[in-house]
Amino acid sequence: MQAGDVQISCDYDTFKSHTALFTHTYLKKMIRIPGLFISEPFEGELELSQIAMTYMLSYFLGMLTRYFPGPWVALASGAKGDEVWPAINAAQKYIEASFPELVLELILDRIAERDRAKT
């Protein structure tokens, strides 16, 4: 461990019943390596991967732009109600930066699994 690192531990039963949600940041990488974070899981039994959450966010923004183009243009141009624009803009930047990498990571993992199964 290095200075500033945090080590978290628990017993098996606690880990099994309270599994953490690990996410990566693809926006502010250090030397091309995304940072790893523990995120608060969704309420209830919903467990989604990072690629699923990113896709859902992308779908939401796509629906907003397609079916509500007037409000979308108004938000982007700084019209009344633009206080939500910074969050929407950050979400758009996140999707643009991370979704291609998440898809590539998924494809490469599947290829590696297939190759391991062959050997």
Side-chain angles (χ1 to χ4, degrees):
M1 287 185 56
Q2 298 176 352
D5 288 351
V6 177
Q7 184 174 357
I8 300 172
S9 63
C10 65
D11 60 44
Y12 174 79
D13 292 331
T14 302
F15 182 78
K16 188 72 174 162
S17 62
H18 298 89
T19 305
L21 175 64
F22 294 97
T23 56
H24 291 91
T25 176
Y26 288 90
L27 295 181
K28 297 180 181 177
K29 296 183 196 176
M30 301 213 29
I31 315 169
R32 293 204 226 171
I33 301 172
L36 179 63
F37 295 91
I38 298 176
S39 303
E40 184 175 348
F42 293 104
E43 291 184 20
E45 299 294 319
L46 186 62
E47 293 182 14
L48 298 172
S49 65
Q50 187 169 357
I51 193 170
M53 290 185 286
T54 306
Y55 178 79
M56 287 173 44
L57 183 59
S58 174
Y59 184 82
F60 168 77
L61 290 179
M63 295 291 283
L64 179 64
T65 59
R66 181 175 181 181
Y67 296 110
F68 302 98
W72 175 261
V73 171
L75 281 171
S77 64
K80 183 179 178 181
D82 68 346
E83 62 269 1
V84 298
W85 177 249
I88 291 174
N89 191 33
Q92 184 177 354
K93 286 180 181 179
Y94 167 76
I95 293 164
E96 289 174 1
S98 65
F99 195 69
E101 288 190 49
L102 289 167
V103 170
L104 182 61
E105 185 178 281
L106 181 67
I107 291 169
L108 293 175
D109 283 348
R110 296 294 190 249
I111 291 171
E113 284 178 16
R114 184 197 65 200
D115 291 347
R116 279 192 302 269
K118 287 181 179 180
T119 58

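Shortest non-hydrogen contact noted between Glu101 and Ala97 is OE2-O, 3.6 Å. Pairing each heavy atom of Thr65 with each of Gly62, the nearest pair is OG1-O, 3.0 Å. When all heavy atoms of Ile95 and Pro100 are compared, the closest pair comes out as O-CD, 3.7 Å. Listed here is the closest heavy atom pair of Met56 and Leu48: SD-CD1, 3.7 Å.
When the shell of 6.0 Å around CZ of Arg66 is examined, it contains 12 or fewer heavy atoms from other residues, nucleotides or ligands.
Ile107 contributes atom CD1, which lies 11.0 Å from atom CG of Leu102 (distance to the nearest 0.5 angstrom). Between the CG atom of Leu57 and the CZ atom of Phe99 there is a distance of 10.5 Å, given to the nearest 0.5 Å.
The cluster map of Ile, Leu, Val, Met, Phe, Trp and Tyr, joined by side-chain heavy atoms under 4.5 Å apart, puts Leu104 and Tyr55 in different clusters. Side-chain heavy atoms closer than 4.5 Å link hydrophobic residues (I, L, V, M, F, W, Y) into clusters, and following such links, possibly through other members, connects Tyr94 to Val84. Connection of Leu108 to Val103 is not established within any shared hydrophobic cluster, with ILVMFWY side chains joined at heavy-atom distances below 4.5 Å, either directly or through further cluster members. Under the 4.5 Å side-chain heavy-atom criterion for Ile, Leu, Val, Met, Phe, Trp and Tyr, Leu61 and Met63 are members of the same hydrophobic cluster.
A donor-acceptor distance shorter than 3.5 angstrom exists from the side chain of Thr54 to the backbone of Gln50, with no hydrogens or angles considered.
Using cut-offs of 30° and 60° on the angle between ring planes, the pair Trp72 and Trp85 is perpendicular.
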